[in-house]
Structure formats: structure tokens, C-alpha cells
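Below is one structure, written out as C-alpha cells; the observations come after it.
Below, chain A is the first sequence line, B the second, and so on; all start at residue 1. For the numbers below, each heavy atom of this structure counts, side chains included, while hydrogens, waters and symmetry mates do not.
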Amino acid sequence: MRASEHLRTLLQTIIAELGFAWPAKATIEPPKDKRHGDLAANCALVLAKEADKNPRQLAEELAAKLRASSPSIAEVAVAGPGFLNVTFSPAFWQGKVAEVERTGERFGASALGVGKKAQVEFVSANPTGPLHIGHGRGAAVGDSLVRILRLAGYETEAEYYINDAGKQMHTLGRSVWLRARELAAAQNGAAALRPPFPEDCYQGEYIIDIARDMLAANPALTGLPEADGIDACYEYGMKVIFDGIRQDLADFQVTHDVWFSERGLVERGSVEKTLAMLRGTGHAFEEDGALWFNTTAFGDDKNRVLRKSDGSLTYFASDIAYHADKYARGFDLVIDVWGADHHGYIPRMRAAIAALGQQQSAFEVILVQLVNLLREGEQIAMSTRAGTFETLADVLQEVGTDAARFMFLSRKSDSKLDFDLALVKQRTMDNPVYYVQYAHARVEALHRRAAERGIDAAARAGNDADLALLVESAELDLLRLLDRFPQVAEDAAANLAPHFISYYLMELAGVLHHYYAAHQILDANNPALTSARLRLLRAVAQALKNGLALLGVSAPDSM
RNA sequence: GCGCAGUUAGCUCAGUUGGAUAGAGCGUUGGCCUCCGGAGCCAAAGGCCGCAAGUUCGAUUCUUGCACUGCGCGCCA
């Protein structure tokens with residue numbers, strides 16, 4: 001059991017004996033200053049008014065009872081205005097190792113989402129070009145959230161929404177079509193006469209590659225009527241680009257369980273059904289020849305169009321139907337990962353969620369800020385249309401999946417990120433993925449070395465090394481950090497914040513490196529102590545590995 | 001003009017339900033034994049937590065105003 005839960009249980013009992021309930025504002029947290037003990041509780045401060053007592057006096061009473069309550073409590077001090085500073089016995093902390101051994105890959109699991117279904121929709125890039133670095137950040141955040149929610153007990157699905165019903169798809173078809181005609185004209189020696197490539201088409205080189213492939217397979221392509229040609233180009237282009245996107249995501253260790261097509265949604269009539277429902281509930285109305293949704297009734301700035309006066313549907317209309325579909329599939333928590341430039345879209349989406357009869361808490365949007373791609377401090381311009389961006393594939397090729405993922409996940413999603421290619425390749429603390437991975441590799445190296453030297457008594461005799469030998473302050477620091485991991489993982493899930501994990505891992509790696517430098521682990525003259533230490537380090541390695549797994553970063557045995 | 005986010009050490013950033021002397025890395029300066037992996041460790045310097053009021057035992061955290069930065073504000077997606 002976590003130290004904080006253990007202490008809370010003890011205090012709750014004591015407070016109940018005094019005739020009070022556990023105050024809602026009471027907290028139990030590790031104090032900033034280690035000298036104040038392992039955990040600090042403010043319940044005496046919070047309870048003082050209700051109990052009509054001086055906070056310090058009340059704290060003294062609680063402290064006396066707490067000292068006698070359990071052998072796991074080594075010391076209770078009253079400090080400051082009335083904090084209870086609690087120190088646990090070494091035996092309590094040493095028991096953490098066995099807990100990690102018992103739970104293994106599940107160490108860090110919590111009951112936060114047990115019995116609930118969650119869905120994370122992320123990337124969902126239109127298949128009009130390869131993924132770029134910004135998509136990479138969304139992919140890392142979304143995929144990590146899925147892993148974090150799963151460990152927190154949620155039954156979680158990862159989904160990719162394919163916008164294959166909109167105007168951009170037609171633009172893609174037209175872009176490929178026009179490039180194909182250019183290529184065909186060039187073959188006939190008529191290049192000088194061709195019109196300039198339109199600005200509103202996709203400029204990237206990949207469009208030309210696709211057109212060239214199509215022509216090679218079917219030289220008669222450009223003889224088709226224009227509408228048919230564009231359709232063919234669209235179908236083929238989308239397939240090629242999607243294959244590329246799937247490959248990029250696979251290389252980035254990102255998995256989607258469901259690929260959901262907007263076109264399918266439209267063809268099934270789901271959008272029409274949703275619009276009819278909105279009409280039925282009085283939220284949708286006709287005006288100026290268009291169909292509107294009165295989102296202002298739910299706090300939006302202005303009402304929004306669902307069906308334009310030309311009869312075509314807006315993106316918003318199908319998006320409402322899409323979200324209705326999500327809830328129909330039974331998700332209790334629907335999470336959308338969006339680029340931060342879409343934040344203006346949130347109020348109308350929240351309006352839609354409310355109109356669908358869902359609680360606001362059943363819908364969360366994670367905004368992922370822009371990635372500023374640099375090389376040696378110099379900005380690299382990015383624009384899909386101009387074709388001047390750096391693709392995710394190129395970046396991964398250069399810096400590797402682990403470094404890229406850790407960089408994306410070591411920052412709050414909703415803050416801008418400078419991604420310097422030169423920096424992410426460096427093996428310094430500017431780029432802490434190596435610091436954390438090195439900690440894991442270091443532990444593995446120690447075990448290998450111990451086996452070579454034949455001094456790993458614990459490995460030979462099973463996990464019965466005497467943990468009571470772990471009394472150094474650095475050892476207790478490691479044990480305390482192990483205790484915190486389940487709470488960190490749960491907080492990361494509750495706050496949808498993968499960066500909590502990154503920061504925890506950097507701290508754990510730091511304490512491990514400190515310990516390693518301060519103490520000789522392998523000591524042939526003291527096999528009992530060596531075994532105990534190796535057993536502790538095995539648990540630390542497990543925590544590092546589990547944490548890295550939540551980020552989708554590997555935990556190498558050697559580097 | 002309106003809305004949303006942000007402003008913490010020279011740089012890049014943590015700090016979520018209000019707590020004790022505000023943290024980390026990088027950079028700078030100075031150290032680390034013929035020893036388990038130096039991708040490491042130890043130490044020092046470095047701060048009006050954007051500014052100003054308010055709320056209370058207590059504010060980087062909550063409220064309001066202001067300044068600056070970014071992003072949005074379409075019958076686009």
C-alpha cells in the first residue's frame with residue numbers, strides 16, 4: 001500500500017475517534033524539505049476551526065495517537081503552524097521492493113478507471129500528405145495517454161478519424177491529376193505550353209511521385225474525362241499517402257485500434273440522423289436557406305451552420321454525428337487530441353456534447369501546441385501546401401523514435417515546444433531520454449557483472465535477500481521514490497498529463513545515479529549486502545521500465 | 001475589438017485541488033581515489049514567480065485590473 005494511503009487510513013481512524021470526519025481539504029504529501037520527514041499532513045490545520053482548538057494543540061493530540069497506532073510509524077513531529085511530519089520505519093520502506101516484485105509490469109496500476117471505457121482520438125491527419133513533426137507530437141501525446149489510461153484501469157481504445165469526405169480530398173485528387181497531365185505533356189514535348197500549377201493545390205514533391213507511379217501503371221490515365229481522372233487520382237493518392245502514414249506511425253511505436261471513416265459515417269446516414277435529432281430537440285433551425293445549430297444556447301459566441309445554403313454539409317455537422325457515434329459505442333470518457341490552433345472549435349463542440357445529452361466531464365480536449373522545428377537554433381519553415389516541411393519520417397530517421405517521443409512528452413502539451421534536431425541528437429541532459437535509459441542500462445550491467453563474478457547470491461537463492469540491510473539514505477530515497485510511482489501514474493491519468501511520468505523518471509534516474517556513485521554495489525566480501533542491493537536495483541529498473549513504457553520509450557539493457 | 005492560452009534563474013522548463021527557506025537540467029565556475037559503464041557524480045554562483053490591488057493564519061497557486069507574447073474569431077476543414 002502507498003505510504004500516503006497508509007497514513008491517511010491511520011489518521012482517518014484517529015480523527016473518527018475524536019468524532020470528526022476526514023476534512024475535504026486535508027492533504028498528505030511529501031514535504032519539499034526532506035528534513036521534515038517522509039510525509040506531511042495538514043489535517044490539524046484544516047480541522048482546527050471545526051474542533052474549536054488551537055491547531056498546534058490539536059496536532060499534538062493527533063501526533064500522540066499516531067505514534068501509538070502502528071509499528072510502521074517511526075516518528076511524528078509537530079511543526080510550523082500545525083503540520084504533522086511523519087517518518088516511516090525503514091522496514092515499511094524496505095517492503096516496497098517486495099511490492100514491486102509482486103506486481104512486476106503492473107507496478108503503477110491503479111483503480112482510477114476500473115469499470116470505465118475511454119477513447120482517445122489522435123493524429124487524425126487528413127490523408128493529403130505525409131505526417132510532419134507537429135503530427136508527431138500529437139501522436140506521442142495520444143499514444144502515451146492510451147498507455148497511461150490503460151494502466152489506470154480504463155478499458156481504452158485508440159482511434160484515428162479519417163476525414164475522407166471533404167473538399168481537401170477533392171483538392172488532393174485534382175493536384176495529382178494536374179501533375180499527371182504535366183508529366184504526360186512533358187513526355188510529348190509540350191512542356192512549354194502547360195499552364196502554371198495552381199496555388200490552391202498541394203505543392204509537395206510527393207504529389208509528383210504519386211502521379212508518376214499512376215502514369216507508369218496506366219499511361220492512358222490522362223485520356224480519361226476530367227471528373228473520372230480526378231476520382232481515380234484521389235482514390236489512388238489517398239491509398240498511397242495512407243500507407244505512408246501507417247508506416248510512419250508504426251515506426252513511431254504508435255498504435256491505433258480503430259480507423260474511422262468520415263465517408264462511411266455520411267454513407268450510413270448517421271449525419272442526417274443526427275441533424276434530425278437536433279431538429280427534434282429544437283436545437284437546429286432553418287435560416288437564410290441554411291440549417292443552423294443554436295450553440296449560443298450552450299455558451300458559444302455565435303450559432304453555427306450545419307448545412308450550407310448550397311445543400312452541402314459542414315465539417316461540424318459530421319463531427320457531431322461522429323461524436324454521437326462515439327458515445328453510442330459506450331465510452332464514458334472521450335478524449336480528442338487537437339492542434340492548439342483549433343481551440344476556437346472547443347465551445348461549439350462542447351455545445352454539441354451537451355446537446356447529445358452527455359456530461360461535460362465525459363468529453364476532454366487535449367490541445368497540443370505547435371512544434372517549432374529548429375536546427376542549431378535556426379528555424380525550419382513548415383507548410384504542407386508549400387511542401388517545405390520536415391516530415392516525421394525524416395525527423396525519426398535523424399534522431400530516433402525514443403529521443404523524439406521523450407522530447408515531445410517531457411513538456412506540458414499546451415505549451416510551445418522548440419524541437420532542435422541538433423539538440424535531440426545530443427547525449428546531454430538537454431536531452432534527458434539518455435539519462436533515464438542509461439539508468440536502466442546501468443542496473444542491467446550491474447546484474448550482468450554480478451553474475452560473471454558469481455557474487456549475485458540473491459539471483460542464485462531466489463528473491464530472499466535481506467532487505468533490512470538497506471539503510472543508507474540513498475537507498476531509502478530510492479524506496480520512497482518507488483512508493484510514489486503508482487501515485488504519479490494515477491495523477492498522470494487523472495490529469496491527462498504524460499509529462500508527469502517524464503519528470504518522475506528523471507528524478508528516479510537521478511537518485512539512482514547518485515546512489516551508484518556514492519556506494520560500491522558489488523562487494524565480494526559482503527554477499528548479503530550485495531544481494532540486498534541488487535534486489536533493490538532490480539525493483540528500480542522495473543519502475544524505470546514501466547514508466548518508460550507509458551511514454552512508449554524503450555528501456556535498453558545496454559547502450 | 002472579442003475569446004483562449006502563456007509570462008517562474010542567463011537559456012529551456014517543472015511546480016493541479018492555497019502551505020514551511022520556490023525546484024530541475026543546460027550554460028558558467030571549481031572538484032571526482034589505478035574502484036561495479038565518466039551517456040555518470042559532488043559543490044558554488046544565479047529569483048520582486050510579468051506589474052498592481054483584493055480574498056485569509058498563509059498566495060507562484062484563487063479573484064479583478066493592466067502590460068507583453070502566441071493562437072483563434074468563415075455557410076473552411
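The listed nucleotides are rU16(B), rC75(B), rU12(B); the one nearest the side chain of Ala290(A) is rC75(B). Looking at the side chain of Arg348(A), the nearest of the listed nucleotides rA20(B), rA77(B), rG40(B) is rA77(B). Picking from rC41(B), rC73(B), rG37(B) the nucleotide with the shortest atom distance to the side chain of Lys302(A) gives rC73(B). With rA39(B), rC36(B), rU17(B) as the candidates, the nucleotide lying closest to the side chain of Met559(A) is rA39(B). Out of rA20(B), rC41(B), rG37(B), the shortest distance to the side chain of His514(A) is found at rC41(B). For Asp288(A), whose side chain is taken as the heavy atoms from C-beta onward, the closest listed nucleotide among rA14(B), rC75(B), rG37(B) is rC75(B).
Base contact: Ala40(A) has a heavy atom under 4.0 Å from a base atom. Residue Tyr503(A) is classed as a sugar-phosphate contact, given heavy-atom separations below 4.0 Å to backbone atoms only. At a threshold of 4.0 angstrom between heavy atoms, the contacts of Asp341(A) are confined to the sugar-phosphate backbone, with no base atom among them. Counting non-hydrogen atoms under 4.0 angstrom, Phe316(A) reaches nothing in the nucleic acid. Residue-level contact check: Asp164(A) touches neither bases nor backbone, having no heavy atom under 4.0 Å from any strand. Asp301(A) comes within 4.0 angstrom of nothing in the nucleic acid, heavy atoms only. Within the nucleic acid shown, His519(A) comes within 4.0 Å of at least one base atom, counting heavy atoms only. Among the protein residues, Glu29(A) comes within range of the sugar-phosphate backbone only, with heavy atoms under 4.0 Å from sugar or phosphate atoms but none that close to a base. Using a 4.0 Å heavy-atom cutoff across all strands shown, Arg56(A) reaches no nucleic acid atom at all. Heavy atoms of Ala439(A) sit nowhere under 4.0 angstrom from any nucleic acid atom.
Under 4.0 angstrom from either OP1 or OP2 of rA14(B) there lies at least one side-chain N or O belonging to Ser415(A). Contact annotation: His499(A) side-chain N/O to rA14(B) OP1/OP2 distance is not under 4.0 Å. For the pair Tyr435(A) and rC41(B), the criterion of a side-chain N or O lying under 4.0 Å from OP1 or OP2 is met. Listed pair Lys308(A) / rC76(B) meets the phosphate criterion, a side-chain N or O lying under 4.0 Å from OP1 or OP2. Of the side-chain N and O atoms in Lys416(A), none sit less than 4.0 angstrom from OP1 or OP2 of rU69(B). Residue Arg449(A) places at least one side-chain N or O under 4.0 Å from the OP1 or OP2 atom of rG37(B). A close approach under 4.0 Å does not occur between any side-chain nitrogen or oxygen of Arg304(A) and OP1 or OP2 of rG74(B).
In this structure, Gln369(A) atom CD and rU7(B) atom P are separated by 12 Å, rounded to whole Å. Atom-to-atom, OH of Tyr515(A) to P of rC42(B) comes out at 15 Å; the value is rounded to the nearest Å. Here the C1' atom of nucleotide rC36(B) and the CD atom of Glu444(A) are 14 Å apart, to the nearest Å. Rounded to an integer number of Å, the gap from Phe500(A) CZ to rG23(B) C1' is 15 Å.
A donor and an acceptor atom never sit less than 3.5 Å apart when one is taken from the side chain of Thr314(A) and the other from the base of rC75(B). Residue-to-nucleotide contacts include no donor-acceptor pair under 3.5 Å from the side chain of Asn42(A) to the base of rA20(B). Scanning atom types as modelled, one donor and one acceptor separated by under 3.5 angstrom connect the side chain of His343(A) and the base of rG3(B).
Across all strands shown, the partner of rG19(B) is rC57(B), judged by Watson-Crick or G-U wobble contacts whose two distances both fall under 3.5 Å. The pairing partner recorded for rC4(B) is rG70(B), the criterion being a Watson-Crick or G-U wobble arrangement whose two distances lie under 3.5 angstrom.
Nucleotides rC42(B) and rG6(B) are separated by 36 Å at their C1' atoms, to the nearest Å. rA5(B) and rC11(B) have their P atoms separated by 25 Å, given to the nearest Å. Using atom P as the reference point in both rC62(B) and rA14(B), the two lie 16 Å apart (nearest Å). Here, rC51(B) and rU8(B) have their C1' atoms 14 Å apart, quoted to the whole Å.
Two rings, from Tyr516(A) and Tyr438(A), have their centers 6.0 Å or more apart. A distance below 6.0 Å separates the ring centres of Phe419(A) and Phe408(A). Aromatic ring centres of Tyr161(A) and Tyr322(A): separated by under 6.0 Å.
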* List the steps and the verdict of ring-ring contact (aromatic ring centres under 6.0 Å, His included) for Phe83(A) and His36(A). => CA-CA 10 Å; Phe83(A) 289 103; His36(A) 290 137; 8.3 Å; no
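Residue whose closest nucleotide on RNA chain B sits further toward the 5' end, between Arg411(A) and Asn85(A): Arg411(A).
Atom-to-atom distance recorded for Asp557(A):CG and Arg448(A):CZ is 6.5 Å, nearest 0.5 angstrom.
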